[in-house]
Amino acid sequence: MNSTPPFQAEIAGIGSYLPEKILTNFDLQDKIDTDDEWIRQRTGIEERRIASKEESSSVLAAHAARKALTSAGIEAGDVDLIIVATSTPDVLFPATACFVQQQLEASRAVAFDITAVCSGFVFALSVAEQYLKTGKYETALVIGSEVNSRIVNWQDRTTCILFGDGAGAMVLKRTQNPERRGVLSTHIHSDGSRSDLIRVPGGIGRTGVNSQAVENGEYFIHMSGNATYKIAVQKLEEVSREALTYNGFSTDDVDVVVPHQANRRIIDAAGERLNIASDKVFSNIYKYGNTSAASIPIALAEAYESGVIKKGNLVLLMVVGSGLTWGAGLIRW
Ligand code: UT7
């Protein structure tokens with residue numbers, strides 16, 4: 001059981017941004033050997049969003065962040081900390097978070113990125129949680145933003161059907177509220193021995209800027225879908241139980257689950273293993289596909305804005321991604 005920290009990390013605001021361009025399963029079936037029915041049955045995805053040329057991860061992130069700041073009633077100049085979770089940074093460096101800071105004119109904030117791929121938002125939330133709960137910072141902006149369309153091999157039907165672009169952002173405030181509203185706890189894990197499951201093998205450190213690596217498709221996502229699928233369901237259950245036990249809750253106490261939107265079947269299987277009713281498990285994967293680090297904050301924003309998440313609800317986040325990384329978070333909204 002968790003002892004009460006001096007401060008809480010309350011959710012002050014949330015927002016998301018999705019590029020306008022929609023790519024449907026039917027559009028894909030015109031280009032590669034796949035079909036709408038296969039994609040829908042195996043993944044639950046019907047369409048995904050594709051960023052325009054001008055929209056990099058920082059641009060999507062800044063749009064989502066402005067919405068989150070507006071919903072929190074907070075000025076960008078009051079933000080102390082910006083963390084961007086992304087595996088599609090604008091450039092190798094500086095950090096995408098620095099570009100976001102510049103675009104928002106959040107001049108006071110310290111800004112850095114986190115790479116935990118699909119798990120990135122929960123990892124970033126975990127870092128922000130520590131800074132707020134210890135009293136170091138007062139206002140944090142945690143963002144997940146991805147332009148997966150730039151690292152997808154559009155000829156590889158086993159991966160290109162899955163991914164989409166988008167961004168979601170959350171504003172957290174340090175408070176001392178007796179109801180303990182806010183992030184109750186986060187639980188994050190890594191296992192580098194499973195790094196082969198999902199990866200972009202091309203890099204700077206290993207290969208240098210290498211046209212052969214580009215030709216070999218090493219800058220695209222490579223994934224062992226089936227093996228990832230099996231381990232994903234297991235890790236989601238495991239880490240969700242860890243978060244609940246840590247806080248003295250059972251699965252019955254959960255009001256809404258907001259899982260990483262990787263595959264509808266993975267979400268359903270994890271919900272079943274946790275014995276949580278399917279109507280408590282939020283999914284918008286049919287519209288956006290897998291937006292990696294952006295998927296949880298996009299889903300959270302939509303669940304909150306549509307009234308699915310209400311004040312006082314116990315919300316469980318769960319995620320698994322490349323690394324291997326996995327995590328869960330419990331929020332008293
Ligand atoms: O964000 C976290 C990381 N990612 C994930 O969590 C993804 C995890 N994995 C998955 O979601 C699923 O494994 C996939 C959706 C990627 C694949 O679904 P699956 O049910 O595991 O299919 P499979 O890989 O076992 O393939 C079944 C068949 C194969 O044909 P054969 O060998 O049985 O003849 C594939 O070639 O489906 C074929 N296939 C396709 N057919 C039509 C694979 N991709 C496609 C496609 N369209 N796009």
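The structure presented is a predicted model; accordingly, all values stated were derived computationally and were not measured. Counting starts at 1 for both ligands and their atoms, following the listed order.
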Using a strict cut-off of 4.0 Å, indicate which atoms of ligand 1 neighbour a heavy atom of [X].
| X | answer |
| --- | --- |
| V320 | 2 (C) |
| T34 | 42 (C), 46 (C), 47 (N), 48 (N) |
| M223 | 4 (N), 7 (C), 16 (C) |
| C118 | 1 (O), 2 (C) |
| I266 | 6 (O), 8 (C) |
| R265 | 20 (O) |
| I161 | 48 (N) |

Determine, counting only non-hydrogen atoms of the protein, whether one lies under 4.0 angstrom from [atom].
| atom | result |
| --- | --- |
| atom 31 (P) of ligand 1 | no |
| atom 45 (C) of ligand 1 | yes |
| atom 21 (O) of ligand 1 | yes |

**Asked** What part of A232 sits under 4.0 Å from ligand 1 if we count only heavy atoms: the side chain, the backbone, both or neither?
**Response**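 For A232, no heavy atom sits under 4.0 Å from ligand 1.
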**Asked** Which bit of I198 is near ligand 1, meaning a heavy atom under 4.0 Å away: side chain, backbone, both or neither?
**Response**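 Looking at I198 and ligand 1, just side chain atoms fall under 4.0 Å.
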Looking only at side-chain N and O atoms, does [Y] offer a donor or acceptor that is under 3.5 Å from a partner on [X]?
| X | Y | value |
| --- | --- | --- |
| T175 | Q8 | no |
| E238 | H189 | no |
| E218 | T207 | no |
| S185 | N247 | yes |
| S283 | Q261 | yes |

Among [options], which residue places a heavy atom closest to [atom]?
| atom | options | result |
| --- | --- | --- |
| atom 12 (C) of ligand 1 | T325, T228, N263, D156 | N263 |
| atom 24 (O) of ligand 1 | N226, D35, I45 | N226 |
| atom 35 (C) of ligand 1 | Q41, R157, Q29 | R157 |
| atom 43 (C) of ligand 1 | F163, W38, Y229 | W38 |

Is [X] close to ligand 1, meaning an N/O of one under 3.5 Å from an N/O of the other?
| X | result |
| --- | --- |
| R42 | yes |
| T158 | no |
| T43 | no |
| G225 | yes |

**Message:** Within a 6.0 Å radius of atom CD on E179, are there more than 12 heavy atoms belonging to other residues, nucleotides or ligands?
**Reply:**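 Enclosed: over 12 neighbouring heavy atoms sit under 6.0 Å from CD of E179.
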**Neighbour count above 12 (heavy atom, 6.0 Å) for Y304 OH** =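 Not more than 12 within 6.0 Å, no.
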**Asked** Do N263 and Y229 have side chains that get closer than 4.5 Å, going by heavy atoms?
**Response**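 Yes, side chains in contact.
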**Prompt:** If we only count heavy atoms from C-beta on, is the L28 to R48 side-chain gap below 4.5 Å?
**Reply:**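 Yes, side chains in contact.
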**Atom pair CZ (R332) and CG (D253), whose distance is rounded to the nearest 0.5 Å** =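 So the CZ of R332 and the CG of D253 are separated by 8.0 Å.
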**Prompt:** Is I39 in contact with ligand 1, taking contact as a heavy-atom separation below 4.0 Å?
**Reply:**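 No heavy atom of I39 comes that close to ligand 1.
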**Message:** Any heavy atom of L28 closer to ligand 1 than 4.0 angstrom?
**Reply:**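 Under 4.0 Å: no for L28.
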**Message:** Please identify which of these residues, R174, K173, E75, meets the side chain to side chain donor-acceptor pair (under 3.5 Å) condition with T139.
**Reply:**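 Among R174, K173, E75, the one meeting side chain to side chain donor-acceptor pair (under 3.5 Å) with T139 is K173.
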**Message:** If we check side chain to side chain contact (heavy atoms under 4.5 Å, CB included) with P259, which of these qualifies: I267, I296, V319?
**Reply:**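 Of the listed options, the one satisfying the test is I267.
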**Asked** What is the nearest protein non-hydrogen atom to atom 1 (O) of ligand 1, stated with its residue, atom name and distance?
**Response**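 Residue, atom and distance for the closest contact: N290 ND2, 2.7 Å.
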**Item:** Geometric class of the Y137/Y131 ring pair [parallel <30°, tilted 30-60°, perpendicular >60°]
**Value:**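 Geometry flag for Y137 against Y131: tilted rings.
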**Asked** Which residues pass the side chain to side chain contact (heavy atoms under 4.5 Å, CB included) test with Q101, sequence neighbours left out?
**Response**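 Per chain and number, Q101 pairs via side chain to side chain contact (heavy atoms under 4.5 Å, CB included) with I82, A106, A111.
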